[in-house]
Amino acid sequence: MFKKPFAIQNQNLLSKKDLKGLKSQLLSSFPGLSSEDLDELLPEGKSKVLKLDNRCLLYCASDDQPCFFDAEGRGELYPALTTLWQYPTMVPELTIPAPVSKFVLRGATLMLPGVIVPSDGVAKLGPVSEGQVRCVKCEGNPFPIAVGKMLVDQKTFETLQGKGLETLHIFKDSLWAHLGKPVPNAGFSEKEGEVTPCEA
C-alpha cells in the first residue's frame, strides 16, 4: 500500500457529522478503543481527511499526523503504526520470529507457516475471519511492525499453510516516513532490515 512515496491531492476539515460517523465506525471496528481515546486522537474541529494519489484516505489530527487510514477509499479502516504503538492491544495480533520480520518489512504477504503458535494451540490466537484487521509483532517485542488484513477464514487458518495476512502498512514504508520516521523502542533500529526483541 505504501511501498512508494505518495502525494496529498487535497485535504478537508471533517464536519461534526462526518467525524461522529467516523468515530462510530472506529468504535465498532476496534472495541479496544474508547470514546475518550478517539476524542484524544481525533479532536472535534481539528480533525482532517487527506486524499492521496494512491486512492488512500488518511484521517489526521490537527498536526497532520495520520491516526487511521482507509486503504482504498472503500470504508475499510486501519490504524497507523503510531496509533498501534499507543494502543498495542486494539487489534488482534500474529507473532513471528524476529528473523521473519525482514520479509514482512519488504512488504511480503505474511505466510501462515511463519506464525508462532501458542503452546496450547492455534485456538489461542482467537477467532479469524477473512478481511479481519490484524497486526504483526516480533517475538520478544511488544510493538507491532505491520498492520493488514487476513486473507483466510478460520478453517484455512488452522491448517497454518499458505498465505495468511496482506500487509498494508509496515515499519519503514512511506506512511511511516510521513509520520516522521518514529521508532517505539531500540529493537526497531538496532539491526537494519529486521526488528529484534526488546521489552522496553
Side-chain angles (χ1 to χ4, degrees), residues 1-9 29-30 50-60 65-86 88 90-116 125 128-153 156-157 160-198:
M1 182 78 246
F2 298 105
K3 291 180 181 179
K4 298 177 181 179
F6 58 78
I8 299 170
Q9 291 185 323
S29 300
F30 307 113
L50 279 57
K51 185 177 181 181
L52 308 183
D53 60 353
N54 61 2
R55 296 183 296 177
C56 181
L57 301 176
L58 301 181
Y59 292 97
C60 309
Q65 289 295 298
C67 302
F68 299 93
F69 65 94
D70 181 341
E72 294 186 343
R74 296 178 180 173
E76 296 179 2
L77 298 171
Y78 302 85
L81 280 178
T82 46
T83 304
L84 278 172
W85 295 341
Q86 193 173 352
M90 67 176 283
V91 299
E93 66 187 72
L94 295 174
T95 303
I96 59 174
V100 176
S101 68
K102 61 178 175 284
F103 300 107
V104 175
L105 294 179
R106 291 177 194 153
T109 296
L110 178 62
M111 306 301 286
L112 290 176
V115 174
I116 294 174
L125 293 172
V128 172
S129 58
E130 188 173 351
Q132 179 187 41
V133 180
R134 287 219 172 204
C135 68
V136 180
K137 295 182 180 179
C138 286
E139 188 175 27
N141 197 312
F143 293 104
I145 67 167
V147 63
K149 62 180 177 181
M150 294 301 299
L151 297 173
V152 295
D153 58 16
T156 306
F157 179 73
L160 294 174
Q161 297 294 319
K163 295 179 178 181
L165 179 133
E166 178 187 357
T167 55
L168 296 171
H169 170 34
I170 57 177
F171 178 60
K172 292 191 176 180
D173 67 9
S174 60
L175 179 55
W176 168 81
H178 180 80
L179 289 161
K181 300 184 177 181
V183 292
N185 65 25
F188 280 70
S189 56
E190 285 178 349
K191 190 172 182 181
E192 188 175 348
E194 186 176 305
V195 173
T196 56
C198 180

**Request:** Hey, could you give me the CG/CG distance between Leu81 and Asp173, rounded to the nearest 0.5 Å?
**Result:** 7.0 Å
**Message:** Is there a side-chain contact between Val91 and Tyr78 in this structure, where contact means two heavy atoms from C-beta onward sitting under 4.5 Å apart?
**Reply:** no
**Asked** Do Phe30 and Phe68 touch side chain to side chain, with heavy atoms closer than 4.5 Å?
**Response** yes
**Asked** Between Cys60 and Leu50, which heavy-atom pair has the shortest distance, and what is it?
**Response** SG-CD1, 3.7 Å
**Item:** Lys51: partners by side chain to side chain contact (heavy atoms under 4.5 Å, CB included), with sequence neighbours left out
**Value:** Gln9, Asn10, Leu57
**Fill in**
Rounded to the nearest 0.5 angstrom, the CG-NZ distance for Leu168 and Lys3 is 10.5 Å
**Minimum heavy-atom distance Cys198-Pro142, with the two atoms named** = O-CD, 3.2 Å
**Prompt:** Between Ser101 and Ile145, which heavy-atom pair has the shortest distance, and what is it?
**Reply:** CB-CD1, 3.9 Å
**Item:** Any Lys163 side-chain heavy atom under 4.5 Å of Met111 side chain
**Value:** yes
**Asked** At what distance, to the nearest 0.5 angstrom, does CG of Leu165 lie from CZ of Arg134?
**Response** 9.0 Å
**Message:** Looking at every non-hydrogen atom in both residues, tell me the closest pair between Leu77 and Val133 and how far apart they are.
**Reply:** O-CG2, 3.9 Å
**Message:** Taking side-chain hydrogen bond (donor to acceptor under 3.5 Å, both in side chains) as the cut-off, I'd like each qualifying pair that reaches into residues 175-184, sequence neighbours left out, listed once.
**Reply:** none
**4.5 Å side-chain heavy-atom contact, Ile116 and Pro97** = yes
**Message:** Suppose the criterion is salt bridge (charged side-chain N to carboxylate O under 4.0 Å, His left out): which pairs have a residue in residues 93-111, not counting sequence neighbours?
**Reply:** Glu93-Lys137
**Asked** Under the side chain to side chain contact (heavy atoms under 4.5 Å, CB included) test, which residues partner Cys56, sequence neighbours left out?
**Response** Met1, Phe2, Leu52, Asn54, Leu58, Phe69
**Asked** Hey, what do you get for CG (Leu125) to CG (Leu160), rounding to the nearest 0.5 Å?
**Response** 8.0 Å
**Message:** Does any part of the side chain of Val195, heavy atoms only, come nearer than 4.5 Å to the side chain of Val104, both counted from C-beta?
**Reply:** no
**Request:** Work out which heavy atom in Ser174 is nearest to a heavy atom in Pro5; give both atom names and the distance.
**Result:** CB-CA, 3.9 Å
**Complete:** Here the pair of heavy atoms bringing Gly107 nearest to Thr167 is O-OG1, 3.6 Å
**Request:** Check ring pair (Phe, Tyr, Trp, His ring centres under 6.0 Å) between Phe157 and all other residues, then give those that pass, not counting sequence neighbours.
**Result:** none
**Message:** Can you tell whether the side chains of Arg74 and Glu76 come within less than 4.0 Å, N to carboxylate O?
**Reply:** no
**Message:** Closer than 3.5 angstrom, by distance alone: can the side chain of Thr95 be matched with the main-chain N or O of Glu139 as a donor-acceptor pair?
**Reply:** no
**Request:** Quick one: list whatever passes side chain to side chain contact (heavy atoms under 4.5 Å, CB included) with Thr82, sequence neighbours left out.
**Result:** Ala80, Trp85, Leu179, Pro182
**Prompt:** Do Phe188 and Asn141 come close enough that some side-chain heavy atom pair is under 4.5 Å?
**Reply:** yes
**Request:** Take Phe171 and Val183 through the side chain to side chain contact (heavy atoms under 4.5 Å, CB included) test and state the conclusion after the steps.
**Result:** CA-CA 9 Å; Phe171 178 60; Val183 292; 3.9 Å; yes
**Prompt:** Does some side-chain heavy atom of Met90 sit less than 4.5 Å from a side-chain heavy atom of Thr83?
**Reply:** yes
**Request:** Report yes if the side chains of Met150 and Leu94 come closer than 4.5 Å at any heavy-atom pair, otherwise no.
**Result:** yes
